[in-house]
Amino acid sequence: MSYLGHRSLMYKQGSSHSQDPMLKRDGFEDILEERRNSSDLKYALRCYAPVLYKGVTPCKANMLKNIVLQSDQLRYVINQVSQESGEAPDIIQEEASVILEEMAHRLQISTVRFFAFALSKAFKTLFQHVCVNEEGIQRLQQAIQEHPVVLLPSHRSYMDFLLMSYILYTYDLALPVIAAGMDFMGMKFVGEMLRMSGAFFIRRSFGGDKLYWAVFSEYVKTMLRNGFAPIEFFLEGTRSRTCKSLTPKLGLLNIVIEPFFKGEVFDVNLVPISISYERILEESLYARELLGVPKPKESTSGLLKARRILSEDYGSIHVYFGQPVSVRSLAQGKVNRSTYNLFPRHIPRKPMEETQSFVNDTAYRIVRLQEDNMVLKPWVLMASLLLQNLEGMELSVLTEQTVWLRGLALSYAAFLDWPDHAPTAKVVSSSLALHRGLACVSGGRVSLVVGEPLGPVTPEEALFNRAVSVLSCASYRNQVLHVFLRPAMLAVAMHTAASSKKNEVYNCFSFLWDMFSNDFILCPGDTDFEEACYLLVKTGAVQMPQQDIVMTDIGQPTLSFFNGLLEPFLQGYQVVCRYLCEEASEGLTEKQYIPAVRSFAVKLILAGAFTSLSELF
Amino acid sequence: DTVLAAATITMKLTSTVCFPRQEIMKWNGWGYSDSKFLFNKKGQAEFTGKRYRLSGMVLPSLQDWFENTFGASVNHKSPATPALNASAVPPASLNEAFVEDLKATGIPFSHEAEDRVFRAHGHCLHEIFALREGKKFERVPDMVVWPNCHSDVVKIVELACKHNVCLIPYGGGTSVTSALECPPEETRCIVSLDTSQMNRILWIDEKNLVAHVEAGIIGQDLERLLNESGYCTGHEPDSMEFSSLGGWVATRASGMKKNVYGNIEDLVIHIKVVTPRGVIEKSCQGPRMSTGPDIHHFILGSEGTLGVVTEVTMKIRPIPEYQKYGSVVFPNFEAGVACLREVAKQRCAPASIRLMDNEQFQFGHALKPQVSSIFTNFVEGLKKFYITKFKGFDPHQLVVATLLFEGDRERVLQHEKQVYDIAATFGGLAAGEDNGQRGYILTFVIAYLRDLGMDYYVVAESFETSVPWDRVLDLCRNVKERINRECKERGVQFQPLTSCRVTQTYDAGACVYFYFAFNYRGLADPVHTYERVEHAAREEILANGGSLSHHHGVGKLRKEWMKESISSLGVGMLQSVKDYVDPDNIFGNRNLL
């Protein structure tokens, strides 16, 4: 797979056409436009006849259950569980049937039509545009016919999966079945509605439950093998509250890839999908959650309260359907499928090391592809700058620096949606207008908006409110991190290394890389250091004479911006280290850990030890 | 009631010089010179000659099928070079001392270009393609010898050892694994040892039902001669018209009727082999022995790397009283495979049971000769109507299994009922004797059809594997898909034909045979393209749990996968046998290892 080749090509293109960041990527079409001009009811009732997988075995959702319950795979596990527990196989079989009943979707087109109607109304109120890359849709349509398809969208909002189904319905593509967390089931009516629009529900944790795992994996595999529908799930496992991509979870990916290794399907296509929100519906909710206010339980009434948000403007959404990734091509030369030849295929087995590392690698690659095609708005750049100037900035300075940062981002191939032909001042002011809940201009200065609490305030409460606004802002800065991460780590490494010797800088870089590999998407085996050097040299911030890495005359602004960008993350680690050294007692449990660190940090900040707040959680 | 016309290519020693098989057989294609497919002036296909049931017949649907399937046209010919160009053949480099000593023995030999070229190849696509193109040969045998009996072979092998000459045994020449190709790096004189004159049945032992036969005998001659005494071996590989007993032993051959008679390893009771170390023989003909690993299994599948098989004692059976063909139509390939699996499970497989996929079913139809009577036409039409309209089978999905029952009449009928009953539970409909028989005729003429394809820019080949039952469908689907995809990626302009059939059933799995053909117009090096695709297809087979080969063997074509297939320790074991038996690599065809 020419994944790396593709990336480097992209950089090359980016550099020679830095004025047109969209060049390498497809253009977008606003699907709301038609909705604003024609009947939603007609749209919801129109003829829907998607193309299907060429090898599809037509079957109804109910037949699927029977196929699963009668599969060799499940029967084997049922017998095994029965022998271990001493229960009769019939009883275990019944249990399996109950699990499946709880899990299975009941996809039906009428419910989807209902959602198509309702969402059309809602989207038009909430968003200015819902933009989709049509070429991506065409590629997807092709892919759906050829091989079983797995849709892997990024996950930032509850909206994501309804939005996905909505788009696929709009383009007359096969509707996906979606792996959803069981918490949705709590919302009685809505849970069932989602089930009928293709969601199937899985428990959040079922660690040692063999039977559950068997039913679940066989259910997914059966749908995949039969080509019943594209399978959709979120690699990140849960919504990212910070807008940083989360470390991918491998369970489901393992399940959908295994049929390829076992020869049950010729190939599986993984389609990375990047859903970028200009404003996330859950924006301030997330910040509070991160600060320890418990996540509201999903409930129908809660959803109704959320109607309040309907009155706000959430800008636009961009959905980018990436190039389908063939598992077969990815696995070429990495996994020897014949190692599956000497073991019956229906007996569950722990994946071999070779396979595990392949799946892990694949998951990271997909998340990086999601990141690459995330559409960034000018506000994201502004938020990055504001966070380095918490005391506020002159509007003119902010404007000037935003323009500068735009140039830097573009030369690093960021997928920036900067309005054509609009004066910069206009772009900045309209961004500020959309995000007026986060930043405000007064007297020519831009600063973060801090919620005004009622009544007298303790210093802790004041700090809490400040932290909410900083974290909300950080969730925008985080969207651009993947563009700057590698050069920024190099900048920090250069700053901390004892000399400018390349190998010393490299050692610092490796240290940071290891440390941050849980914070950011860093794939093992990638040539991140080389990439970072290449990018910094390309933009003229750094030169590499012989065995050294040194800053150029004009490199100062870039390097100091990068140092500032990562500083909050480094400080976060420092706080944790200090806590662990100074305060932590023996027998600290995981449950106690986060609140304890949080209050430790509050103490430090109130004592004036730290200035930045954005990584306190 | 054999589908073969009685024919023989055995020629007795009539002159003292040479034994030109090429007089009745094609030098650059399959089979008899007088039998070939061609499109006549009216554009209709016909099969020439008198040897086969199809011979002399017009096949009205073949042209349409051919043009539609391959995007080929009868107007675009790619004719073969008419005759062998002697200047394309490297001169014989003879070992004079060996020739002198050989002369003294009186064993006939030749170093004519035609004799040497004829024995320089098997029937792989690249070999036949090169002959047709008149390409220059890199390496061919320097001479051909025709031993007449076991002791002649002993003398030849002794002389070869004495003078360090490389020997390559040659039986029927039907290899499809590059096994007969001379290693280009071989600098010694290469002598092709043609076993065709060792073709006698030496004795028949009716008490033990065994026959002692010289290994050069050709399959159809062996059956014909045994039939004269009321017996048969029942060993009928698809190549039996031309392949030899020695070749079967050397490649671990499998016959169509193995369900009744067994494969070659089940049929041989005793093998006599001349090696550089001497002659391998056992001391008795006990039907089974526990005397360490069976030394026969060093010989079976040794592909000419250890020595020459000269005489074989083989099981024989009385000719069956009754034979009946049959066929069953299934709605799709999945149903057909499920039925064959059930038949194997109940261990009631007929002498032969084969399942053709839809592509082959349609191909079979394209080979239907002109129907002479309106009535037959009418009946055929009715049958088609019944199956597709009344039973709702999709003509682009349905597949057919062909059957051959053997035994005494009553039991055959009983057996037939049992198999049809099983078939019915998988949605199978009995489709008549005629369809069954046609399926088996196809087996013998299909190799001729490749030559027709090559006259019109179409290259074709077949390959096989064996695979556990639960993987049959996945393997078939994935290999076909891989071929289609590789063709596309390698610039083949037309949709290739990929087709498969299940040709043998076992308790634990099946033998699957693939046909693969494409129109090569627009390709610079069609053979290279073809080889890359076949290579990819074999990788796909191995990745899907299939074996490297069920009965074709390894030769030089599939050597690269031997380690993966039998482990490096396994290869080492075989190598140590080779090193002991043939330390100077006299049998230097470099097959297998």
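Here is how names work: the chains are called A, B, and so on, in the same order as the sequence lines, proteins then strands, and each is numbered from 1.
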- Message: Could you check whether A/Arg365 pairs with A/Asp372 (Lys NZ or Arg NE/NH1/NH2 to Asp/Glu carboxylate O, under 4.0 Å)?
- Response: no

- Message: Angle between ring planes, A/Phe200 versus A/Tyr219, binned at 30° and 60°: parallel, tilted or perpendicular?
- Response: perpendicular

- Listed by residue number, which members of residues 479-513 of chain B have a heavy atom under 4.5 Å from any heavy atom of chain A? B/Glu481, B/Arg482, B/Arg485

- Item | Main-chain N/O of A/Asn133 paired to A/Asp26 side chain as donor or acceptor, under 3.5 Å | no

- Query: Which atoms of A/Asp72 come close to chain B, meaning under 4.5 Å heavy atom to heavy atom: side chain ones, backbone ones, both, or neither?
  - Reply: neither

- Message: Does the structure place the NZ or CZ of A/Arg328 under 6.0 Å from the centre of the six-membered ring of A/Phe266, at an angle of no more than 45° from the ring's axis?
- Response: yes

- Output yes when A/Lys221 and A/Glu264 qualify as a salt bridge under the 4.0 Å nitrogen-oxygen rule, no when they do not. no

- Proximal to chain A - members of residues 564-575 of chain B, heavy-atom separation under 4.5 Å: B/Glu564

- Over all heavy atoms of both residues, which pair between B/Leu398 and B/Phe361 is shortest? Give the atoms and the distance, please. CD1-CE2, 3.1 Å

- Hey, which residues of residues 337-347 of chain B are touching chain A, say heavy atoms under 4.5 Å apart? none

- Charged N to carboxylate O under 4.0 angstrom, A/Glu146 versus A/Lys54? yes

- Query: Which heavy-atom pair separates A/Gly251 from A/Trp213 by the least distance, and what is that distance?
  - Reply: O-CH2, 4.1 Å

- Task: For the residue pair B/Lys556 and B/Asn591, confirm or rule out a side-chain donor-acceptor distance under 3.5 Å.
- Result: yes

- Task: Indicate the atoms forming the closest heavy-atom contact of B/Val467 with B/Arg471, along with that distance.
- Result: CG2-CB, 3.6 Å

- Query: Are A/Val268 and A/Ile257 side-chain neighbours, meaning at least one heavy-atom pair lies under 4.5 Å?
  - Reply: no

- Query: Are B/Asn358 and B/Gln362 close enough that a side-chain donor and a side-chain acceptor fall under 3.5 Å?
  - Reply: yes

- Message: Determine whether the aromatic ring centres of residues A/Phe358 and A/Phe261 are separated by less than 6.0 angstrom.
- Response: yes

- Query: What parts of residues 530-554 of chain B touch chain A if we use heavy atoms and a cut-off under 4.5 Å?
  - Reply: B/Glu540, B/Leu542, B/Ala543, B/Asn544, B/Gly545

- Message: Using every non-hydrogen atom in the two residues, find where B/Gly301 and B/Leu592 come nearest and quote the distance to one decimal.
- Response: O-CD2, 3.5 Å

- Message: A quick test of your reading: do over 12 heavy atoms of other residues, nucleotides or ligands sit less than 6.0 Å from CD of A/Glu353?
- Response: no

- Note on the structure: Correct closest heavy-atom pair for A/Phe260 and A/Asp267 would be CD1-CA, 4.0 Å

